[in-house]
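Below, read A as the first sequence line, B as the second, and so on, with proteins coming before strands; counting in each chain starts at 1. These figures come from a predicted structure and were not determined experimentally.
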Protein chains: 2
Amino acid sequence: MTKTAELASTLRVSVMRLGRRLRAERVVTDLSLSQMAALGTLDRHGALTPRELADHEKVQPPSMTRVLAGLEERGLILRTPHQTDGRQHLVTLTADAKALLKEDRRRRDAWLAQRLAELTQEERDVLRAAAPVIERLTHL
Amino acid sequence: MTKTAELASTLRVSVMRLGRRLRAERVVTDLSLSQMAALGTLDRHGALTPRELADHEKVQPPSMTRVLAGLEERGLILRTPHQTDGRQHLVTLTADAKALLKEDRRRRDAWLAQRLAELTQEERDVLRAAAPVIERLTHL
DNA sequence: TATTGTTATACTCTATAACTATA
DNA sequence: TATAGTTATAGAGTATAACAATA
């Protein structure tokens, strides 16, 4: 096994494990995972049509219809007509949705910051150098 | 915002993103996510009772009954009677299940190793130093 | 009497097929 | 005729409630 292959294996295990642990810290809501995921995607990409959202989330359009209906009922999304195409509309987040996502991130960051505070300064420096490299891996 | 809080935020984003990308590489099977997750837990923890498995996966016992029925039908698990308690039994992985999990890990490692190979030696060294620290975060 | 595991049944989520409106 | 979005309906997956076997 090459050194790079070994690195891949140990990095995969540690990253997957930390990811699992972070997901466990997510904010408690009565929203389904699909609904939370749709909010997250809208937050990252800005306004999208239902079709674009369905493609992003890899679900069929009728499924997205139901996800959006639930979010609209709770006041978490708004629909605005498309400029030129009367069939389409754009979905955007409300202030409530943005606050919910912010709280979700805050909880996970708080958990992680607590753990980071228990490391040595050297260990934190190692992670500070690694974070942008990990980020770059997903863009290659 | 403190430096540690900033680190928590950037590290969270990059780790979650890489985790998502790695999950997308998982082996294609006709098994449900719950079934794959149960196999993974058995692989990590060794033989468990259905109740212990249900607790680990945070599902109710009747749900685990169905998950295990599907896995047993495909020859991926075996049940052995409990030594002293006639009500319980232990669930273990078959060779087929271990091979499936191995292939799953192999695929993700292959994807990641490919990406790592595109980095500089210095960047790989940074990640090599970071992996055990990331691992340690989940044990604190 | 309490606990493990299963069966019976209902609810949630997602999918495919069919329909409406617009391009 | 094709596409965006919705409605109708069916198929997985998980939950609660009730039951059988053992402690």
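When the P atom of C:dT3 is taken as reference, atom CD of B:Glu52 falls 15 Å away, rounded to whole Å. For A:Asp30 and C:dC13, the CG to C1' distance is 15 Å, given to the nearest whole Å. Note: CG (A:Leu90) to C1' (D:dA4) measures 12 Å, nearest angstrom. C:dG5 atom C1' lies 15 Å from atom CG of B:Leu48, rounded to whole Å. Regarding B:Arg79, its CZ atom lies at a distance of 12 Å from the C1' atom of C:dT4, rounded to whole Å. As a whole-Å value, the separation of A:Leu31 CG from C:dC13 C1' is 14 Å.
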With B for base contact, S for sugar-phosphate-only contact and - for none (protein heavy atoms under 4.0 Å), nucleotides 15-23 of chain C reads BBB---BBS
For the pair A:Arg79 and A:Leu68, evaluate side-chain contact (heavy atoms from CB on, under 4.5 Å) and give the outcome as yes or no after the intermediate values. CA-CA 10 Å; A:Arg79 301 172 194 253; A:Leu68 293 176; 3.6 Å; yes
task: List the steps and the verdict of side-chain contact (heavy atoms from CB on, under 4.5 Å) for B:Thr92 and B:Ile77.
output: CA-CA 5 Å; B:Thr92 55; B:Ile77 58 157; over 6 Å; no
Note to self: For B:Arg107 and B:Arg26: C-alpha separation, side-chain torsions, deciding distance, then whether side-chain contact (heavy atoms from CB on, under 4.5 Å) applies.
What the structure shows: CA-CA 7 Å; B:Arg107 277 180 58 98; B:Arg26 68 170 169 273; over 6 Å; no
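The listed nucleotides are D:dG5, C:dC13, C:dG5; the one nearest the side chain of B:Arg51 is C:dG5. Checking C:dG5, D:dG13, C:dC13 against every side-chain atom of B:Thr49, the shortest atom distance belongs to C:dG5.
Residue contacts shown for A:His89 are limited to sugar-phosphate atoms, with no base heavy atom under 4.0 Å away.
Nearest-nucleotide positions on DNA chain C place B:Leu68 closer to the 5' end than the other of B:Leu68 and A:Val67.
Phosphate proximity of D:dT6 to A:Thr65: present, with a side-chain N or O under 4.0 Å from OP1 or OP2.
Checked for salt-bridge contact, A:Lys3 and A:Glu6 miss the test: no charged N lies under 4.0 Å from a carboxylate O. A:Asp109 has no carboxylate O lying under 4.0 Å from a charged side-chain N of A:Arg106, or vice versa, which leaves the two without a salt bridge.
Among the candidates B:Thr94, B:Val67, B:Leu100, the single residue satisfying the side chain to side chain contact (heavy atoms under 4.5 Å, CB included) test with B:Leu39 is B:Leu100.
Linking ILVMFWY side-chain heavy atoms closer than 4.5 Å, directly or via other members, places B:Met16 and B:Leu7 in a single hydrophobic cluster.
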